[in-house]
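Report on one structure; see the data block that follows.
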Amino acid sequence: MNPIHLRAGGTSVVVAVDGGRLPRVLHWGPDLGDLGPGALADLQRAALPAVGDSAVTYPQPVPVLPQLHEGWLGRPGIVGDSDGRRWAPYFREAGHTVDGSVLRSAARDPEFGLAIEVEIEVLPGSGLVRQRARVVNEAAEPYRIGSLELALPVPPEATEILDLTGRWALERVPQRRPFQAGEWVRASRGGKPGLEHTLLLAAGERGFGFRRGLVWATHLAWSGNQVLAAELTPAGTRHLAAGEALLPGEVVLGPGESFQSRWQYGSWGDGLDEMAGRFHRHLRSRPRPPRPVVLNTWEAVYFRHDLDTLVALAERGAELGAERFVLDDGWFLGRRDDTTSLGDWTVDPDVWPDGLGPLAARVRELGMDFGLWFEPEMVNLDSDLARRHPDWVFEAGHGPGLPSRHQHVLDLGHPEAYAYVFERISGLVAALEIAYIKWDHNRYLLDAGRRPGVRRQVEQVYRLMAGLKAAHPGLEIESCASGGGRVDLGVLEFADRIWPSDCNDPHERLEIQRWTGLLVPPEMQGTHIGAAESHTTHRVHPLDYRAEKALWGHLGVEVNLLTADAETLSALARWVAFHKEHRELLHSGDVVHADLPDPAFRLEGVVAADRSEALYAFSVVERPAVWPPGRIAFPGLDDDRTYRVEAVYPGSVPGGVLPPWQHTGVTLPGRALRVEAPSLDVDRSVLFRVVAV
Ligand code: DGJ
């Protein structure tokens with residue numbers, strides 16, 4: 001049987017389906033064009049390695065579900081058993097159907113009474129590949145799933161691995177290593193992907209950058225425990241695997257029951273920009289109303305709530321162009337700091353004697369919509385909720401366990417707990433006409449139930465988000481988890497944006513947003529202008545640099561506008577106006593990053609899909625050894641068009657030495673467009689506007 005060729009969005013996936021075996025991917029990457037039956041047959045023949053007498057280490061194309069029985073000694077596709085029996089399934093006699101760019105395969109293990117369905121899909125538009133599998137227990141005895149991991153192969157030239165790590169207020173720090181024999185595994189075990197989560201695991205040609213070098217990456221669309229692995233087996237096969245990390249006994253299939261894996265996504269590109277662009281296109285294929293400029297109260301007032309102050313803040317925000325007012329933590333029963341009250345989702349009458357209605361009404365009168373902070377999955381032991389329902393607090397058998405930020409986790413698998421949270425939030429959304437929920441999550445799930453309940457909890461969260469959105473059409477949700485602790489395509493099925501980090505320091509934000517951007521497009525990343533002195537790093541930055549770094553995403557303001565001077569307010573208003581003027585380009589164009597040789601500089605921007613216009617920022621992030629910086633070329637433009645380039649200063653002209661051309665602008669053909677970069681101090685930037693003439 002000839003291989004199947006799935007083609008869409010500039011991607012080809014060629015899959016071997018012969019011999020009754022489950023699919024094995026022969027090619028995943030650039031579009032191979034129209035391949036006739038002869039070429040496909042030869043492509044498969046050409047991909048088969050020589051097998052020696054004693055080779056049980058699988059010198060063959062990587063199957064999407066690697067099986068021990070077929071000689072695979074790498075990471076197993078499926079681990080499962082029935083009390084120690086039925087432990088090494090052998091799925092075979094597979095049948096395959098193709099529907100457009102989707103391949104569906106079904107196979108059985110008749111001795112074990114197990115069936116499996118595998119789906120591989122190349123998405124039109126984005127060219128992403130995604131795959132998942134469903135295992136069915138056809139026998140009478142229960143079948144316990146330990147893991148179900150699918151794999152996508154990468155070619156031998158993928159010799160370097162890139163993934164991300166990080167911590168609170170410093171999410172998404174890149175790390176690179178050679179792709180050597182063995183396994184490089186990144187796991188999340190805290191009931192959410194986590195602040196240190198890698199978002200994706202990439203392997204590419206040596207030295208691959210943003211603009212050049214083939215690179216392949218995988219991501220699991222899931223907000224719970226998970227594993228991403230890159231493996232080079234002794235037989236020389238390289239692949240990227242992904243699956244849920246299941247807790248003991250978390251999935252036990254009764255007769256006729258099935259278990260479906262989460263979608264494993266794969267993206268590739270010549271450079272990270274193209275690879276990331278596929279995820280961006282995918283996320284942009286949903287309806288996308290314009291992103292309103294946000295005023296968030298957190299850094300301005302923290303827990304100090306009162307009507308007069310917050311109305312005054314809203315009025316200042318409206319004056320400078322904010323379109324959405326978000327009241328952060330501190331509004332509910334007794335919540336004066338972070339030690340109490342999570343779970344008591346009732347407006348605190350001591351602080352808000354007339355409720356939140358008057359504030360929400362004033363916000364709307366000012367032309368903004370109203371957003372409110374919740375942390376629906378959490379509970380403080382010092383709360384009415386925990387006192388009334390101690391059994392709703394997660395525990396594994398040793399009491400509620402270690403507090404984190406003084407809080408514990410509410411078991412949303414408990415039907416009454418779920419109903420309570422839904423009813424409280426839904427009631428407030430209706431009463432206050434809430435347009436937006438900032439949905440926080442600040443504790444890992446260390447002790448998720450007497451029987452493991454992590455995946456049920458995550459599914460309940462999805463259900464809660466979907467239920468609230470269905471009950472309140474138009475409601476938007478932000479996924480925040482101490483910053484960027486829950487960023488994945490699973491939650492982004494329901495959430496409209498993510499909060500990349502609690503760190504608003506522009507020096508750090510530049511990097512956090514750049515690397516979060518491997519998965520998430522600008523308009524789905526909340527980017528706020530914080531206080532002059534960052535509340536997380538205590539570095540001090542001028543407004544222009546803070547604003548420029550916030551310009552690129554879903555813009556917000558967290559500066560305390562009530563203590564800001566007139567000059568700051570007027571500069572803020574200019575930045576907000578500039579963002580609105582360019583919002584359409586910023587939120588629809590291709591994100592590009594130059595691969596500059598000197599790590600002291602960054603040049604990145606957004607280019608319109610038709611290459612007719614672009615906006616770039618050149619930044620200095622550390623003191624360079626060589627000065628001045630030299631000439632830079634703007635990535636992503638069309639060589640054959642002529643462009644006008646001008647420096648633009650929504651705030652003020654930065655100090656430093658500006659090259660002569662910057663005073664007049666230049667007009668040059670794309671292929672000749674290289675300009676001398678400005679000599680700026682550290683943590684300063686200049687914006688360049690580029691328009692085709
Ligand atoms: C953690 C979030 O990341 C912050 O933005 C803020 O909402 C606080 N929680 C509020 O407690």
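Each ligand, and each atom within it, is numbered from 1 in the order the structure gives.
Side chain to side chain, Asp163 and Gln175 meet the donor-acceptor criterion of an N or O pair below 3.5 Å.
Using a heavy-atom distance under 4.0 Å as the criterion, the protein contacts of ligand 1 are Trp298, Asp328, Asp329, Trp373, Arg405, Lys438, Asp440, Asn442, Cys480, Ser482, Gly483, Trp499, Asp502.
Residues in residues 387-437 take part in these ring-ring contact (aromatic ring centres under 6.0 Å, His included) pairs, two or more places apart or across chains: His389-Trp392, Trp392-His414.
Here Trp552 pairs with nothing under the ring pair (Phe, Tyr, Trp, His ring centres under 6.0 Å) rule; sequence neighbours left out. Looking at residues two or more places apart in sequence or on another chain, you find no side chain to side chain donor-acceptor pair (under 3.5 Å) involving Glu581.
Between Arg497 and Glu476 there is no salt bridge, since no side-chain N of the basic residue sits under 4.0 Å from a carboxylate O of the acidic one.
Each of Asn504, Asp505, Val540 was compared with Ser534 under the side chain to side chain contact (heavy atoms under 4.5 Å, CB included) criterion, and only Asp505 meets it.
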